[in-house]
Amino acid sequence: MSNSTIVTRFAPSPTGYLHAGGARTALFNWLLARHAGGKFLLRIEDTDLARSTQDAVDQLLEDLKWLGLKWDNAELVYQSKRLPIYNKLIDGLIADGKAYEAWESSEELEALRTEAAKSKKAYIYKRRSYSADDLNRFRDEGRKPVVRFAMPVKEYRFHDITLGKDISQSPYEVQDFVIRKGDGMPTYHFGVVVDDAEMGVTHVLRGLEHLLNTVPHIALQEALGYPRPTYAHLSVMLNPETGEKLSKRDRDRRIRKKSQEWMRNQKKSIDDLAAACGLASDRLSDWIKTDTMQLDLSEQPSVMKVVGLKEADLPEIMIHDFRKNGYFPEVLNNFLALQGWNPGGDLEQMSMEKMTELFSLDRINPSNPKFNRDKLQSFNTEFASTASPARLLAGLRDYLSVNPDSSLHTASDADLLKVLEMKKGFRTLRQVDEASRFLFQPDDQIAYEPDAVEKVLKKNDGQGLAVLKDLLPLLTAVVDWKAANIEAVVNAYVEQTKLGLGKVAQPIRVAVSGGTVSPPIFESLELLGKDKTLGRINRCLM
RNA sequence: GGCCCUGUCGUCUAGAGGCCUAGGACACGGCCCUUUCAAGGCCGCGACACGGGUUCGAAUCCCGUCAGGGUCACCA
């Protein structure tokens, strides 16, 4: 490995499923490394003991694998396992007088900040000296000190590639920041700097929210004698509805909003809602009032069901959401890449290989894009229309693996392939699922839409029903149950009655599917089978 | 509020002083196709935030205004 090899990394903190913003950051790092023939490393930043769980790590890894972003380090780097390394370094800094113990409690600091806010100023930590008495008192109180890095006071300046310019911070902004927390864990700032250096990271691509964090980082690099990596900060993706940073919380917000509407429209109280959901009333009441509290992933479905929200109604934020809603990973990557990067000219739809070939840092855009899913859907549609049957089948199977409730589970690969073919032009795999559900559901689970029954079957003195009645013996007579044969019989009937295909096909459609929308009817009937088709028509006539 | 970043159609963007009466994609509207819903084909609508400079010439450079976003933790 030569010195010029590019090494990038993705360093998420494990707090649940990967979200779109994180995925884009991972993708850009991956793309840069692959393009340059370098390495893409993965590190788990689990220094926040309260929030990090192994479950979250597993979910993260699953999403990354699904996206196809393979990392090159065989052994995952967990910061929580590297404490001795950090501590040795921190103790060294203290010995050199470059860091020191600070004893202020969170409450004291909080008070100082509020005071600063009152006079409309940013609070800047100032180092204090403690008397021996102070120290004794703190220890008696059981306080745990943090370690702060003594920032050399000067102007800091670094170059950012995506911004294409130098960013600087004045000496007046400089403040001593915490590098070791009271619980003995290093802070994010310390962990990144040390690990990036030790892992040989040459390029740091991260969200723009980290732009000013770079200042403490370069200060630490200077103190520790590390080289400075190349920095490229990525724009933040915005929620098109709120205009704010795309956040996992956005889904919860949608549920809350809908719940409030539900209560208003149905004239129900929070207790009614809680009862209907089977959740604790006081918990729900806390949740509905504040924007800061979120429902657990396990609680969301029951509330959604009660207030009438479907999975597809929620904004997809997490990669897992996109997977559940039936997007293809290569399409999602393509779309994510376009949020802030493009190869120039008119080229938009690209394979991973093409993106890898064309990727370059100087084509990254610094302005914040609003994350609008319309185009993603269109890309998904386009991809599906050109993908091989094998690819589509694999996609559908993957979709089913994260949608355990789908009735398509009982279908064979051959049937799934037929469904995929019938639904050609579909946008998401979820549409394939929902549109063809009736083909695999037991007869008694078909839900008849009242509007459809009224309009197509009962209207005009039950004209639709009359058609079904006529059709029943004709269809019964079909020996070889194939779409073409069924079509021939139905067409002959249409010809004879001069009703028009619409007047005949729609009643059949409602009878077998319960609604007015389905895949092409004759293929559907073939797949459904003769017995089930006749049975469902009979049920309508009874 | 301080500090920082950004500002081309509704959205994602092309555009590196003349190739720009600003190109593409999505969305939207219309027409065609059609047994439903889609998909598809054709056509259309639609933007350089504003004000000053610099220049023979500015979407492109500079300044200001305005707007949007980020950040101000013992979270990352």
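Every value quoted in this text rests on a predicted model; they were computed, and no experiment measured them. First the proteins, then the strands, lettered A, B, ... as listed; each starts at 1.
We find that NZ of A/Lys503 is positioned 12 Å from P of B/U36, with the value rounded to whole Å. The distance from atom CG of A/Leu525 to atom P of B/U36 is 15 Å, rounded to the nearest whole Å. In this entry the distance linking NE2 of A/His189 with P of B/C74 reads 9 Å, nearest Å. To the nearest angstrom, P of B/G70 lies 18 Å from CG of A/Asp160. The interatomic distance linking A/Phe371 (CZ) with B/G10 (P) rounds to 21 Å, in whole Å. The distance between atom CG of A/Leu499 and atom C1' of B/U35, rounded to the nearest whole Å, is 13 Å. Atoms CG (A/Asn372) and P (B/A27) sit 10 Å apart, rounded to a whole Å. Rounded to a whole Å, the CG atom of A/Leu392 is 17 Å from the P atom of B/A39.
Using a 4.0 Å cut-off, some side-chain N or O of A/Lys245 falls inside it from OP1 or OP2 of B/U71. A sub-4.0 Å separation between OP1 or OP2 of B/C37 and a side-chain N or O of A/Lys423 is absent. Close to B/A73, at under 4.0 Å from its OP1 or OP2, lies a side-chain N or O of A/Arg113. Within the structure, every side-chain polar atom (N or O) of A/Arg363 is placed at least 4.0 Å from both OP1 and OP2 of B/A16. One finds a side-chain N or O of A/Thr47 lying less than 4.0 angstrom from the OP1 or OP2 phosphate oxygen of B/A76. OP1 or OP2 of B/U35 has not a single side-chain nitrogen or oxygen of A/Arg509 nearer than 4.0 Å. An OP1 or OP2 oxygen of B/A73 is reached within less than 4.0 angstrom by no side-chain nitrogen or oxygen of A/Arg148. Proximity of A/Asn342 to the phosphate of B/A25: no side-chain N or O atom is located under 4.0 Å from OP1 or OP2. Remark: A/Lys370 is not in phosphate contact with B/C26, judged by side-chain N or O atoms under 4.0 Å from OP1 or OP2.
Look at A/Arg9 and A/Asp195 and you find no salt bridge, because none of the NZ, NE, NH1 or NH2 atoms lies under 4.0 Å from a carboxylate O. A salt bridge is defined here as a Lys NZ or Arg NE, NH1 or NH2 lying under 4.0 Å from an Asp or Glu carboxylate O, and A/Glu115 with A/Lys118 fails to meet this definition. A/Asp91 has a carboxylate O that lies under 4.0 Å from a charged side-chain N of A/Arg180, or vice versa, which qualifies the two as a salt bridge. The residues A/Arg148 and A/Glu101 are annotated as not salt-bridged, no charged nitrogen and carboxylate oxygen being separated by less than 4.0 angstrom. Ion pairing between a basic and an acidic side chain is recognised when a charged N comes within 4.0 Å of a carboxylate O; A/Glu141 and A/Arg139 show no such pairing.
The C1' atoms of B/A59 and B/A16 are separated by 12 Å, rounded to the nearest whole Å. Separating the C1' atom of B/G15 from that of B/C61 is a span of 15 Å, rounded to the nearest Å. Comparing B/A25 with B/C45, their P atoms are spaced 15 Å from each other, to the whole Å. Taking atom P in both B/A58 and B/U21, the straight-line distance is 12 Å, to the nearest Å. Separation of the P atoms belonging to B/G46 and B/U6 is 31 Å when rounded to the nearest angstrom. Distance noted for atom C1' between B/C26 and B/A39: 16 Å (whole Å). Spacing between B/U11 and B/G68 at atom C1', rounded to whole Å, works out to 15 Å. B/G23 and B/A47 are spaced 11 Å apart, taking the P atom of each and rounding to whole Å.
For A/Arg430 and A/Asn325, the side-chain atoms include at least one donor-acceptor pair closer than 3.5 Å. Side-chain N/O atoms of A/Gln54 and A/Asp58 include a donor and acceptor closer than 3.5 Å. A donor and an acceptor atom, one from each side chain of A/Tyr399 and A/Asp433, are located under 3.5 Å apart.
Using a 4.0 Å heavy-atom cutoff across all strands shown, A/Arg51 reaches at least one base atom of the nucleic acid. Residue-level contact check: A/Glu348 touches the bases, meaning some heavy atom is under 4.0 Å from a base atom. A/Lys165 comes within 4.0 angstrom of sugar-phosphate atoms only, judged by non-hydrogen atoms across all strands, and of no base. Among the protein residues, A/Ser367 comes within range of the sugar-phosphate backbone only, with heavy atoms under 4.0 Å from sugar or phosphate atoms but none that close to a base. Across all strands shown, A/Pro520 has heavy atoms under 4.0 Å from base atoms, whether or not it also approaches the sugar-phosphate. Among the heavy atoms of the strands lying under 4.0 Å from A/Val178 are primed sugar atoms or P, OP1, OP2 only; no base atom is included. Residue-level contact check: A/Gly515 touches neither bases nor backbone, having no heavy atom under 4.0 Å from any strand. Among the protein residues, A/Ser378 comes within range of the sugar-phosphate backbone only, with heavy atoms under 4.0 Å from sugar or phosphate atoms but none that close to a base. Counting non-hydrogen atoms under 4.0 angstrom, A/His233 reaches nothing in the nucleic acid. Across all strands shown, A/Gly243 has heavy atoms under 4.0 Å from sugar-phosphate atoms exclusively, and none from any base. In this structure, A/Leu163 reaches the sugar-phosphate backbone alone: every heavy-atom distance under 4.0 Å involves primed, P, OP1 or OP2 atoms, never a base. Counting non-hydrogen atoms under 4.0 angstrom, A/Ile167 reaches the backbone sugars and phosphates but no base. Counting any heavy atom pair closer than 4.0 Å across all strands shown, A/Leu338 reaches sugar-phosphate atoms only and no base atom. Residue A/Glu110 is out of contact with every strand shown, counting any heavy-atom pair closer than 4.0 Å.
Closest contact between the side chain of A/Glu173 and the listed nucleotides B/U13, B/G69, B/C3 involves B/C3. Of the listed nucleotides (B/G70, B/C12, B/U35), B/G70 has the atom at the smallest distance from the side chain of A/Glu244. Here the nucleotide nearest the side chain of A/Leu211, chosen from B/A76, B/A27, B/C5, is B/C5. Closest to the A/Arg427 side chain, of the nucleotides B/U35, B/G69, B/A39, is B/A39. In this structure, of B/U35, B/C4, B/U13, it is B/C4 that holds the atom nearest to the side chain of A/Leu212.
Nucleotide B/G46 is matched to nothing when pairs are restricted to Watson-Crick or G-U wobble geometry with both distances under 3.5 angstrom. Pairing of B/A22, defined by two Watson-Crick or G-U wobble distances under 3.5 Å, is not identified with any nucleotide.
When the nearest nucleotides of RNA chain B are assigned to A/Asp374 and A/Ala11 by heavy-atom distance, the more 5′-ward of the two goes with A/Asp374. Nearer the 5' end of RNA chain B, as judged by each residue's closest nucleotide, is the contact made by A/Gly345, out of A/Gly345 and A/Asn213.
Contact annotation: side chain of A/Lys375 to base of B/A25, donor-acceptor pair present below 3.5 Å.
Partner of A/His210 under the ring pair (Phe, Tyr, Trp, His ring centres under 6.0 Å) criterion, out of A/Tyr231, A/Tyr188, A/Phe158: A/Tyr188 alone.
When side chains are defined from C-beta on, A/Asn491 counts as touching A/Glu487, because their heavy atoms get closer than 4.5 Å.
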